[in-house]
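Proteins come first, then strands; the chains are lettered A, B, ... in the order of their sequence lines, and each starts at number 1.
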2 protein chains.
Amino acid sequence: MSPSNPTSPAGALSLEQQICYAMHTTVRAFDAVYRELLAEHGLSYPQYIALMTVGEHGPLTVSGLGEHLRLDSGTLSPLLKRMEAAGLVERVRDPEDERRVLVSATPAGHDRLAALGDVPHQIAVRSGLSRQEMLDLHRTLRQVTERLDTGA
Amino acid sequence: MSPSNPTSPAGALSLEQQICYAMHTTVRAFDAVYRELLAEHGLSYPQYIALMTVGEHGPLTVSGLGEHLRLDSGTLSPLLKRMEAAGLVERVRDPEDERRVLVSATPAGHDRLAALGDVPHQIAVRSGLSRQEMLDLHRTLRQVTERLDTGA
DNA sequence: AACAATTAGATTGTGCGCAATTTGATAGTA
DNA sequence: TACTATCAAATTGCGCACAATCTAATTGTT
């Protein structure tokens, strides 16, 4: 029971874990707002991000999209399948390498993106963060992620 | 293409979305480290957090635990069922109100927690955050979460 | 040309998270 | 007492995320 240990004694949730859990909680709070904003457009947040990415970076392979989003085919394949069924993206086998699948946004997909143009601003307002706070937070997050990724 | 618009033009992922996505990414990076540290103990991160909470705050109802973790019975019921099967928690109907289920850590659960005592420190080291950065980040996260929650 | 190794996606299985519904117990009220 | 409303937990259904496996196409080697 020595309270002088800075890594916090057993019995109280340590600060480190509070931070990690707080991050989980914050992400879910963001998700809830996105869900609210995207529901009427029939998109989930991961679908929205994927649509933005393929809409902006032209035709991408599944693995190429996965590098942008840090997701693998186990996640992306069914997600893209649903979005293709919804008419938002197109999946075409690359004639030059039949292993690859090229994913691109359909005209309907671009229209959907245009209709969602205000979402980023809505999110920014809801978060209540100042521009500087956003920059700081963003920097910290990128820094932590890199440390966690490379620190194996 | 007017670069003077602070809400960012269509065509580039806006900062706000980068932040939200960066947070998703960081959470998954944390999860990966936790997965690595917890795998040999047969726990997922949500299970770990749940075990810590019931181990610390004595017998809790499912909804009481849900208030701590901001999760509902749809998530907790199956999670607790698995942890009960693993012998880490005990679930007992409250005799005074048969609707309630009281969840508590078993001796084996407390032992497991003791064996995981070093995990918080490991996470802290891996994240590479200074104490002050952790405090700032934690404060920012709590602030954002509250704004997002109450800002409906 | 034939065969092994690699690569890209898809698939399977498990767990988390949330919305919606269901089941059972407790309160509250006519 | 009987009937309704409320509440706690569990269940169902869907989508995301990840590990592991599988299939098919390409590349490399002999």
Side-chain angles (χ1 to χ4, degrees), chain A residues 20-21 23-36 38-39 42-51 59-67 69-86 89 91-103 149, chain B residues 20-21 23-36 38-39 42-51 59-67 69-86 89 91-103 149:
Chain A
C20 187
Y21 189 71
M23 203 126 89
H24 269 266
T25 302
T26 307
V27 163
R28 284 190 285 129
F30 266 119
D31 283 350
V33 178
Y34 270 112
R35 193 163 19 248
E36 187 184 325
L38 297 176
L43 287 177
S44 67
Y45 176 67
Q47 288 172 5
Y48 171 59
I49 291 294
L51 184 57
L60 284 173
T61 62
V62 173
S63 55
L65 176 58
E67 283 168 22
L69 304 185
R70 307 177 72 97
L71 294 170
D72 66 5
S73 69
T75 300
L76 291 176
S77 286
L79 184 149
L80 293 171
K81 211 170 169 183
R82 284 186 287 271
M83 289 182 66
E84 186 183 37
V89 300
R91 292 192 302 166
V92 184
R93 285 277 163 191
D94 185 347
E96 300 191 0
D97 186 341
E98 293 276 341
R99 288 173 302 182
R100 294 180 224 235
V101 169
L102 298 176
V103 184
D149 279 349
Chain B
C20 188
Y21 188 71
M23 203 126 87
H24 268 266
T25 302
T26 307
V27 163
R28 284 191 283 130
F30 266 119
D31 283 350
V33 178
Y34 270 112
R35 195 165 15 250
E36 187 183 325
L38 298 176
L43 287 177
S44 67
Y45 176 66
Q47 288 171 6
Y48 171 59
I49 290 294
L51 184 57
L60 283 174
T61 62
V62 173
S63 56
L65 176 57
E67 284 168 22
L69 304 185
R70 307 177 71 97
L71 295 170
D72 67 5
S73 68
T75 299
L76 290 176
S77 286
L79 184 149
L80 293 171
K81 209 170 169 182
R82 284 186 286 271
M83 290 182 65
E84 185 183 37
V89 300
R91 292 191 302 167
V92 184
R93 284 276 164 192
D94 184 347
E96 299 192 359
D97 187 339
E98 293 277 341
R99 289 174 300 183
R100 293 184 230 248
V101 169
L102 298 175
V103 185
D149 278 349

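- Between the CZ atom of B:R99 and the P atom of D:dA9 there is a distance of 9 Å, rounded to whole Å.
- Scanning atom types as modelled, one donor and one acceptor separated by under 3.5 angstrom connect the side chain of A:S73 and the base of C:dA10.
- In terms of position along DNA chain D, the nucleotide closest to A:G74 lies nearer the 5' end than the nucleotide closest to the other residue of the pair A:D97 and A:G74.
- Checking the phosphate oxygens (OP1, OP2) of D:dA10, a side-chain nitrogen or oxygen of B:R91 falls inside 4.0 Å.
- Place B:R70 and B:E96 on DNA chain C by their nearest nucleotides, and B:R70 ends up nearer the 5' end.
- In this structure, A:R100 atom CZ and C:dT6 atom C1' are separated by 13 Å, rounded to whole Å.
- Atom-to-atom distance recorded for A:L65:CG and A:L80:CG is 6.0 Å, nearest 0.5 angstrom.
- Looking at the side chain of A:T61, the nearest of the listed nucleotides C:dA8, C:dT26, C:dG9 is C:dG9.
- Checking B:D72 against B:P78, the closest nucleotide of DNA chain C that is more toward the 5' end is the one next to B:P78.
- When the side-chain nitrogen and oxygen atoms of A:K81 are compared with OP1 and OP2 of C:dG9, none of them lie within a distance under 4.0 Å.
- Taking 4.0 angstrom as the limit, A:S63 places a side-chain polar atom (N or O) nearer than this to OP1 or OP2 of C:dG9.
- If you check every strand for non-hydrogen atoms under 4.0 Å, A:L76 touches nothing.
- A donor-acceptor pair under 3.5 Å is formed between the side chain of B:R93 and the backbone N or O of B:R99.
- Annotation: the span from A:M83 atom CE to A:L76 atom CG amounts to 10.5 Å, rounded to 0.5 Å.
- Between the P atom of D:dC7 and the CD atom of B:E98 lies a distance of 19 Å, rounded to the nearest Å.
- Here A:T75 does not reach the OP1 or OP2 of D:dA17: none of its side-chain N or O atoms lies under 4.0 Å away.
- What separates CG of A:L80 from P of D:dA17 is a distance of 12 Å, to the nearest Å.
- Dashed line: the shortest gap from a side-chain N or O of B:R28 to OP1 or OP2 of D:dC18 is under 4.0 Å.
- Atom CZ in B:R93 sits about 11 Å away from atom P in C:dG24, given to the nearest Å.
- In terms of modelled atom types and a separation under 3.5 Å, the side chain of A:R28 and the main chain of B:R70 share a donor-acceptor contact.
- Checked against C:dT26, C:dG17, D:dA17, the side chain of B:P46 finds its nearest nucleotide in C:dG17.
- A pairwise comparison of heavy atoms in A:S73 and A:P78 identifies O-CD, 3.8 Å as the closest pair.
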